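Here the structure is laid out as structure tokens; the discussion comes afterwards.
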Amino acid sequence: MSNNLKETISNLQKDFTANPKNAVVQYESNSILKEGLQSVVTLREHKLIVDEPKSFGGKDEGPSPVELILAALATCQEITYKAFATASGINIESVSINLTGTLDLHGFLALNKDTRPGFQSISGTVDIKSSSPKAEIDKLIDTVNTHCPVLDILSKGVPIKLFQKVTSSAFVNKEQTEQRASVA
């Protein structure tokens, strides 16, 4: 499998060097709130239930959105470690990541306007098992932390534009649609 992964990465690098436009891809997420605080998300052909814990008013039938942020960071780091280690010929026996995100609910519940609603901090441990020399692992760590897409998104931010499409039948029994834009 490693040879196949190494070949795949090499072929992508060659293609993207020769055809830079091929390197630009778009990802899409479609979500709908179904019941209570539970959403069903479609990502390509995959479906995912996102829910809040019972203590927050959900049914606890899936991870919460903030837990998915932690999962996205951990898995993106793991994948980036594997990809760069494979491409560089560095032996990685395993990589696992444990993360903790601290959230102050005063922000989410609008109890304190000075408290951000998102994570106050994220910290964790990357556990790498390898027989490769320390210098190679140190270089790999720097490469991963420079090129991990989710780490980049979370640490540097990304421009976000959300458009709200509000459809209401409250106006003279006639459906009316209004569209607004939010920029974050």
Side-chain angles (χ1 to χ4, degrees), residues 1-32 38-53 60-103 116 118-162 183-184:
M1 177 162 143
S2 287
N3 283 340
N4 191 18
L5 179 58
K6 189 170 186 168
E7 184 179 321
T8 298
I9 292 168
S10 177
N11 289 340
L12 288 172
Q13 289 173 324
K14 288 174 188 170
D15 178 38
F16 298 159
T17 299
N19 305 294
K21 290 180 181 179
N22 291 351
V24 179
V25 296
Q26 289 188 328
Y27 290 87
E28 188 173 318
S29 169
N30 292 293
S31 180
I32 184 165
Q38 188 176 101
S39 294
V40 175
V41 182
T42 303
L43 306 154
R44 290 182 286 132
E45 65 275 357
H46 307 286
K47 290 211 184 286
L48 175 66
I49 293 174
V50 179
D51 200 356
E52 290 291 339
D60 201 20
E61 294 181 359
S64 72
V66 293
E67 290 169 320
L68 291 175
I69 294 291
L70 295 176
L73 176 56
T75 58
C76 192
Q77 283 268 298
E78 292 165 351
I79 289 165
T80 306
Y81 271 102
K82 182 65 173 183
F84 277 96
T86 300
S88 302
I90 297 172
N91 174 43
I92 293 287
E93 295 162 28
S94 70
V95 60
S96 62
I97 300 175
N98 181 281
L99 296 174
T100 300
T102 302
L103 193 71
R116 67 181 294 179
F119 282 127
Q120 308 299 306
S121 65
I122 297 173
S123 61
T125 303
V126 179
D127 186 9
I128 303 165
K129 292 191 179 16
S130 174
S131 59
S132 294
K134 182 183 180 323
E136 286 183 11
I137 298 301
D138 288 344
K139 184 177 177 186
L140 177 64
I141 291 168
D142 290 342
T143 300
V144 169
N145 287 336
T146 302
H147 297 284
C148 175
V150 175
L151 181 61
D152 177 77
I153 291 165
L154 292 174
S155 63
K156 295 179 183 164
V158 65
I160 298 173
K161 290 182 187 177
L162 298 174
V183 178

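As the structure is a prediction and not an experimental result, all values here were calculated from the model.
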Do [X] and [Y] touch side chain to side chain, with heavy atoms closer than 4.5 Å?
X: Q77; Y: N145; result: yes
X: V126; Y: V144; result: no
X: L48; Y: L68; result: yes
X: T80; Y: P149; result: yes
X: E78; Y: I97; result: yes
X: I49; Y: Q38; result: yes
X: L154; Y: F119; result: no

So which heavy atom on [X] is nearest to which on [Y], and how close?
X: S131; Y: E93; value: N-OE2, 3.6 Å
X: S31; Y: V41; value: OG-CG2, 3.7 Å
X: L99; Y: A74; value: CD1-N, 3.8 Å

Tell me whether [X] contacts the main-chain N or O of [Y] through its side chain, where contact means a donor paired with an acceptor under 3.5 Å.
X: S132; Y: N91; answer: yes
X: S29; Y: L43; answer: no
X: T17; Y: Q13; answer: yes
X: D51; Y: D60; answer: yes

Counting only heavy atoms not in E45, do more than 12 fall under 6.0 Å of its CD?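 Counting neighbours around CD of E45, more than 12 heavy atoms of other residues, nucleotides or ligands fall under 6.0 Å, so yes.
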Intermediate values then yes/no, side chain to side chain contact (heavy atoms under 4.5 Å, CB included), I92 and L140: CA-CA 10 Å; I92 293 287; L140 177 64; 3.7 Å; yes
Report the distance from atom OH of Y81 to atom CD1 of I90, rounding to the nearest 0.5 Å.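 Y81 atom OH to I90 atom CD1 measures 10.5 Å (nearest 0.5 Å).
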Using the salt bridge (charged side-chain N to carboxylate O under 4.0 Å, His left out) criterion, which residues pair with K47? Sequence neighbours excluded.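 Applying salt bridge (charged side-chain N to carboxylate O under 4.0 Å, His left out) to K47 gives none.
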